[in-house]
Amino acid sequence: MKIYPYLLKVKASQAPTIDENGIPIYPSDPIEWQEIGVCRDEIAGAGQKISKVDGQIFDCTATIYAPQNTPKIEAGTTLQVVDVEGNIRLEKQVIRFSRDYFHCRIFV
């Protein structure tokens with residue numbers, strides 16, 4: 001059994017290009033997902049709350065665990081947890097990212 005069996009992806013919007021008349025041309029599929037590593041997710045128990053750095057309290061629906069060297073994901077970024085068959089297990093916005101001693105925790 002793998003400790004991190006799923007893929008972790010973040011939403012990376014594609015920027016529009018500008019034509020010769022200065023008009024923006026938006027891509028046909030403006031959403032692009034960038035794979036940034038591996039992870040595992042755990043659905044939060046009822047009523048789990050976390051506080052952000054600024055002291056605001058939020059309801060947390062899941063915690064995602066990733067290797068300690070995972071790049072920092074800013075609050076507000078939309079991410080996906082994808083299984084080996086390509087099914088999306090979770091798609092949520094990040095509430096808080098925490099780099100701990102042995103792993104990272106991402107609260108969504």
Side-chain angles (χ1 to χ4, degrees):
M1 176 189 249
K2 292 182 180 180
I3 191 166
Y4 300 117
Y6 308 122
L7 294 176
L8 180 61
K9 296 182 178 187
V10 293
K11 185 187 275 188
S13 299
Q14 296 178 5
T17 56
I18 307 296
D19 70 7
E20 62 277 357
N21 298 319
I23 299 172
I25 301 170
Y26 293 92
S28 58
D29 184 12
I31 299 174
E32 181 179 293
W33 292 95
Q34 177 184 0
E35 186 178 316
I36 62 165
V38 293
C39 67
R40 68 182 167 87
D41 59 336
E42 291 183 5
I43 301 303
Q48 181 177 358
K49 297 189 182 306
I50 64 153
S51 63
K52 289 177 65 174
V53 177
D54 61 6
Q56 290 181 325
I57 305 230
F58 286 89
D59 290 321
C60 178
T61 58
T63 303
I64 300 164
Y65 295 89
Q68 207 267 342
N69 63 349
T70 300
K72 182 175 182 180
I73 304 170
E74 296 297 328
T77 302
T78 301
L79 59 71
Q80 286 182 340
V81 174
V82 182
D83 70 16
V84 293
E85 296 171 353
N87 300 312
I88 298 170
R89 292 178 49 86
L90 183 69
E91 184 174 323
K92 292 278 191 178
Q93 280 193 336
V94 173
I95 298 171
R96 190 172 102 193
F97 180 94
S98 171
R99 189 174 314 279
D100 299 325
Y101 194 73
F102 293 111
H103 59 255
C104 295
R105 288 182 295 167
I106 306 159
F107 301 94
V108 297

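Positions are given from 1, in the same order as the sequence printed here.
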Mind jotting down which residue pairs meet the ring-ring contact (aromatic ring centres under 6.0 Å, His included) criterion with at least one end in residues 69-88? Sequence neighbours excluded, please.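 Matches after skipping sequence neighbours: none remain.
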Do [X] and [Y] have side chains that approach each other closer than 4.5 Å (heavy atoms only, starting at C-beta)?
X: K2; Y: Y4; value: no
X: V38; Y: P67; value: yes
X: T78; Y: W33; value: yes
X: L79; Y: I36; value: no
X: I106; Y: L8; value: yes

If you measure from [atom1] on [X] to [atom2] on [Y], what distance do you get to the nearest 0.5 Å?
X: Q80; Y: I64; atom1: CD; atom2: CD1; result: 10.5 Å
X: D41; Y: T63; atom1: CG; atom2: OG1; result: 9.5 Å
X: F107; Y: R96; atom1: CZ; atom2: CZ; result: 5.0 Å

Considering all heavy atoms, the nearest [X]-[Y] contact:
X: T70; Y: R99; value: O-NH1, 2.8 Å
X: D100; Y: R105; value: OD2-NE, 2.7 Å
X: E35; Y: K9; value: CA-CG, 3.9 Å
X: H103; Y: A66; value: CB-O, 3.3 Å

Transitive ILVMFWY side-chain link [X] to [Y], under 4.5 Å:
X: V84; Y: V82; answer: no
X: V10; Y: L90; answer: yes
X: V81; Y: Y65; answer: no

In chain order, what residues pass the side chain to side chain donor-acceptor pair (under 3.5 Å) check against Q68, with sequence neighbours excluded?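 Partners of Q68 under the side chain to side chain donor-acceptor pair (under 3.5 Å) test: none.
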Should E74 and V94 be marked as a side chain to side chain contact (heavy atoms under 4.5 Å, CB included) after you check the CA-CA gap, both sets of side-chain angles, and the distance that decides it? CA-CA 7 Å; E74 296 297 328; V94 173; over 6 Å; no
